[in-house]
Number of protein chains: 2
Amino acid sequence: MKGAPVSAFKLDDFLPYQLTVLSSRVSAGFSKHYRNAYGISVSEWRVVAHLSQADSVSVREIHARVDMDKPKVSRAASRLEAAGYVTKTINPQDRRLVELSLTPKGRDMIAALTPIARDYEAQLSAVLGEADQAFRDRVAALSAALEDETDLDRD
Amino acid sequence: MKGAPVSAFKLDDFLPYQLTVLSSRVSAGFSKHYRNAYGISVSEWRVVAHLSQADSVSVREIHARVDMDKPKVSRAASRLEAAGYVTKTINPQDRRLVELSLTPKGRDMIAALTPIARDYEAQLSAVLGEADQAFRDRVAALSAALEDETDLDRD
DNA sequence: GGCAGCTTGTTGTGTGTGAAATGAAAGGTG
DNA sequence: CACCTTTCATTTCACACACAACAAGCTGCC
């Protein structure tokens, strides 16, 4: 019994680990629906998805709302622009701001992906069964509880 | 009403997005406990945590059990070896295998981190309240349901 | 025994990432 | 109005990642 751990730590039962694995699988399961069809990454999907709710939005706005740092948003926007899904225009009132807008091609993409996203979410809900709403509430509660800890909003 | 989305897609309410944000926050909240103190990353933490349950384990074993691909395990192991937390020895029976073992220094680290991990998990459980076990069951159920989809076990 | 084929681990390669630095524009103060 | 500070976006740099190629070792079949 030389190196026998006194009280073994079970990584498989560790909630942070489980959540990372789950999150990775859920994202992978959905991203394969748009990665092949449209050649966009998760970051790009998030930007486009946010643009579907509010057209003409600055990089800063997306950075604040979509849990991505500024360089990530900036690069995702550039890739989306190069792919023809988004246009970048400088705001005339405040010329520091870069307003992002969906092109018709971008709108077509989000129009096609929205039902796919809803279907995918419905599949997840089916697995969760009647506990669906309770589960979502717990996710939100945990997320909110940790929000301030990760509160590094020094820009 | 030119670009008004017909039925807006709410990224904030999208479960895959919520889970990614949650997972990121939970991991960040815990990793800050060992990042500063020991200078190790999440990958390295996982390897060490797994070694705490089963000493002397091959890279392949960790790859299979810890949701990391082979290069990631290999590089994490090399960094841990350089930092003096693990040793790598070639298995004499099968000289392809590299057995990883914790050094005393590595055992000290995991001994110090285990109670911190348990405390952190207890905090999460406190937020979840009586729904704790139900929540974990749902996490496991979802993860299991998606396991086969991500089943790219072509090594 | 020798060669084909598999397994294991490491190393390359192109890409993405995050932190800090930079550039560019607006606001505030004397 | 000049100067300084703040804000926004991009770029730089060092590093991590994923996928693929690779070298080394084992196995089995003839």
Side-chain angles (χ1 to χ4, degrees), chain A residues 20-21 23-25 27-28 31-32 35-36 39-47 50 56-83 86-101 150 152-155, chain B residues 20-21 23-25 27-28 31-32 35-36 39-47 50 56-83 86-101 150 152-155:
Chain A
T20 300
V21 172
S23 154
S24 162
R25 286 183 184 169
S27 284
S31 70
K32 77 179 192 325
R35 175 173 289 280
N36 292 331
I40 64 172
S41 71
V42 175
S43 301
E44 288 143 36
W45 150 256
R46 283 197 199 171
V47 169
H50 185 71
S56 198
V57 164
S58 70
V59 170
R60 183 190 187 290
E61 171 85 1
I62 296 182
H63 156 59
R65 290 185 176 268
V66 158
D67 194 56
M68 290 166 60
D69 60 4
K70 284 188 303 177
K72 207 170 174 179
V73 175
S74 178
R75 295 184 199 275
S78 294
R79 289 191 292 261
L80 286 167
E81 185 189 33
V86 157
T87 59
K88 298 199 289 189
T89 58
I90 294 176
N91 184 321
Q93 275 74 41
D94 185 340
R95 298 177 51 204
R96 293 169 304 182
L97 302 179
V98 173
E99 304 286 346
L100 303 179
S101 300
T150 326
L152 317 167
D153 44 3
R154 43 193 177 208
D155 194 46
Chain B
T20 301
V21 172
S23 154
S24 163
R25 287 181 184 171
S27 285
S31 70
K32 78 179 195 314
R35 173 174 291 280
N36 291 332
I40 64 172
S41 70
V42 176
S43 301
E44 288 143 35
W45 151 255
R46 283 196 199 170
V47 170
H50 185 71
S56 198
V57 165
S58 71
V59 170
R60 182 189 185 288
E61 171 85 2
I62 296 181
H63 156 60
R65 290 185 176 269
V66 159
D67 196 55
M68 290 167 60
D69 61 2
K70 285 187 303 178
K72 208 170 172 178
V73 175
S74 177
R75 289 182 159 123
S78 294
R79 288 190 294 261
L80 286 168
E81 185 189 33
V86 307
T87 58
K88 298 199 289 189
T89 57
I90 295 175
N91 183 320
Q93 275 75 41
D94 185 340
R95 295 177 53 204
R96 293 170 304 181
L97 302 180
V98 173
E99 304 287 346
L100 303 178
S101 300
T150 325
L152 316 167
D153 43 6
R154 46 214 182 182
D155 196 12

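Letters A, B, ... mirror the listed sequences (proteins, then strands); counts begin at 1. Treat the numbers as computed from the prediction; the structure is a model and nothing was measured.
In the set dT8(C), dT10(D), dA16(D), dT8(C) carries the atom at the smallest distance from any side-chain atom of K70(B). For D69(B), the side-chain atoms get nearest to dA18(D) when compared with the rest of dA9(D), dA18(D), dT10(C).
Using a 4.0 Å heavy-atom distance criterion, Q93(B) is classed as a sugar-phosphate-only contact. At a threshold of 4.0 angstrom between heavy atoms, the contacts of S78(A) with the nucleic acid are absent. As judged by a 4.0 angstrom heavy-atom cut-off over every strand, S41(A) is placed among residues making no nucleic acid contact.
Taking atom CD1 of residue I40(A) and atom C1' of nucleotide dG16(C), one finds them 16 Å apart after rounding to whole Å. Regarding L97(A), its CG atom lies at a distance of 9 Å from the C1' atom of dT7(D), rounded to whole Å. The interatomic distance linking K72(A) (NZ) with dC15(D) (P) rounds to 20 Å, in whole Å.
OP1 or OP2 of dC8(D) has not a single side-chain nitrogen or oxygen of S74(A) nearer than 4.0 Å.
Judged by closest nucleotide on DNA chain C, D94(B) is the one of R95(A) and D94(B) placed further toward the 5' end.
Scanning atom types as modelled, one donor and one acceptor separated by under 3.5 angstrom connect the side chain of R96(B) and the base of dT7(C). R75(A) contributes a side-chain N or O that forms a donor-acceptor pair with the base of dT12(D) under 3.5 Å.
Nearest heavy-atom pair, K88(A) versus A77(A), reported as atom, atom and distance to 0.1 Å: CD-CB, 4.2 Å.
Looking at S74(A), its side chain never comes within 3.5 Å of a backbone N or O of K70(A) through a donor-acceptor pair. At distances below 3.5 Å, not a single donor-acceptor pair connects side-chain atoms of H50(A) with backbone N or O atoms of I62(A).
Side chains of H63(B) and M68(B) form no contact here, defined as non-hydrogen atoms less than 4.5 Å apart.
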